[in-house]
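Notes follow the structure.
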Amino acid sequence: MKNFNSKLYLAAVALLLTVVSPAYAQYGEGEAAAPSSSSGSTGSTEFSSYVDVLFNYEKSETEPRSRTTQSSGGILGGLGGSTTTTVDDPIGTAKGMSVVAGFRRKGWYGFEFGGSYTKGGDVAKQSLIFNTLIYPFENNFYLKLASGVTRYVEYPIERTNDPIPDGDDDFITLNYGAGLGYVIPFDIGDTSLGIRLEAVYLAGDRFLERESDFEEDIRAPGILKDIQINIGLRFPL
């Protein structure tokens, strides 16, 4: 009876291997396109990594600011009044470059980090980037959840006339936003590349500056807003 059970067990194992092996081989063929230098069931074949070099075009959507000035009564010493003028956005549009390194898990999500430099007018923006990418259809279309920090350099600001004069100032924003993008793959010989296209709405909040500045707050906008159009090349690793 014991020998019979052993033979039955071996037959069941053989049958199981016969059924599973073709399915596993078929799955393995799908994975063969992504070579891996590591072994194991949780190896690098589950992920694809890349470096993207992007050209950035930014259109400022920051709300216009207004400035109110008080006037004395003039020579006749009459009652003074106030005048309100609109302050033009010192950036308007900005152009620059960004470089991000990232990875995508096979399926629906990925992460990337990097940096960018753009300039509009006399204002430079130096940014650190961290993005979460969600692929809802598990193809090359993605939803981008953007975050990071930006340092604004030589942003023209206005303070009260006294005691702090007007001038240029640097400050930092914490950024958040969202957008849509797509990667178009193509090959040059045996080299696989991609063209990345995306549009992102990004907001930069200056609340850390406001909270930590013991002087009267500068009259830079509290939240700076941009629409970004990014296009560039993807280099798979």
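- Counting all heavy atoms, side chain and backbone alike, L202 lies closest to A146 at CD1-CB, 4.0 Å.
- Atom OH of Y57 sits about 10.0 Å away from atom CD1 of I227, to the nearest 0.5 Å.
- Distance check, rounded to the nearest 0.5 Å: CD1 of I223 to CZ of F207 gives 10.0 Å.
- Side-chain contact between F55 and M97: present, with at least one pair of heavy atoms (C-beta onward) separated by less than 4.5 Å.
- The backbone N or O of D170 lies less than 3.5 Å from no partner atom in the side chain of R151, so there is not a single donor-acceptor pair.
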### Task
Please lay out, stage by stage, how K144 and N230 fare under the test side-chain contact (heavy atoms from CB on, under 4.5 Å).
CA-CA 12 Å; K144 176 178 176 178; N230 304 322; 4.2 Å; yes

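- Side chains of T173 and D205: a donor-acceptor N/O pair is absent below 3.5 angstrom, by distance only.
- The hydrophobic cluster containing F130 also contains Y109, counting ILVMFWY residues as joined when their side-chain heavy atoms lie under 4.5 angstrom apart, directly or transitively.
- Panel note: side chain R206, backbone A220; a donor-acceptor pair is recorded below 3.5 Å.
- Between atom OG1 of residue T150 and atom CD1 of residue I172 there is a gap of 9.5 Å, rounded to the nearest 0.5 Å.
- Nearest heavy atoms, A124 versus Y117: CB-OH, 3.6 Å.
- P156 approaches V123 most closely through the heavy-atom pair CD-CG2, 3.7 Å.
- Here the side chains of I184 and N140 are not in contact, with every heavy-atom distance at 4.5 Å or above.
- In this structure a side-chain-to-backbone donor-acceptor pair under 3.5 Å is present from N139 to F141.
- Inter-residue side-chain proximity for I129 and E112 is flagged as unmet; no heavy-atom pair is nearer than 4.5 Å.
- For the residue pair N56 / T118, no side-chain donor-acceptor distance below 3.5 Å is found, with atom types taken as modelled.
- Looking only at side-chain heavy atoms (C-beta outward), R196 and V100 come within less than 4.5 Å of each other.
- Counting heavy atoms from C-beta on, the side chains of I91 and Y152 come closer than 4.5 Å.
- Here the straight-line distance linking atom CG of L224 with atom CD of E63 works out to 10.5 Å at 0.5 Å rounding.
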### Message
Using side-chain contact (heavy atoms from CB on, under 4.5 Å), reason through V183 and R104 one step at a time and then give a plain yes or no.
### Response
CA-CA 12 Å; V183 178; R104 174 184 176 182; over 6 Å; no

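- For T62 (side chain) and K225 (main-chain N/O), a donor-acceptor pair under 3.5 Å exists by modelled atom type.
- At least one side-chain heavy atom of L143 sits less than 4.5 Å from a side-chain heavy atom of L180.
- We find the CD1-CD1 distance between I231 and I195 to be 6.5 Å, quoted to the nearest 0.5 Å.
- Under a hydrophobic-cluster definition in which Ile, Leu, Val, Met, Phe, Trp and Tyr are linked whenever side-chain heavy atoms come within less than 4.5 Å, directly or via other members, F103 and L145 are assigned to the same cluster.
- Here the side chains of T191 and F235 are not in contact, with every heavy-atom distance at 4.5 Å or above.
- Note on Y135 and F137: separate hydrophobic clusters, where clusters join Ile, Leu, Val, Met, Phe, Trp and Tyr whose side-chain heavy atoms are under 4.5 Å apart, directly or indirectly.
- Under the 4.5 Å side-chain criterion, counting only non-hydrogen atoms from C-beta, N131 is not in contact with Y142.
- For Y182, the OH atom counts as densely surrounded, since its 6.0 Å shell holds more than 12 non-hydrogen atoms of other residues, nucleotides or ligands.
- Following chains of ILVMFWY side-chain contacts shorter than 4.5 Å, one can reach W108 starting from F111, so the two form part of one hydrophobic cluster.
- Note on V200: it does not cluster hydrophobically with V53, by side-chain heavy-atom contacts below 4.5 Å among ILVMFWY residues.
- The aromatic rings of Y155 and F171 lie perpendicular to each other, with more than 60° between the two planes, well past the 30° mark.
- The OG atom of S116 sits 9.5 Å away from atom CD of Q126, with the distance rounded to the nearest 0.5 Å.
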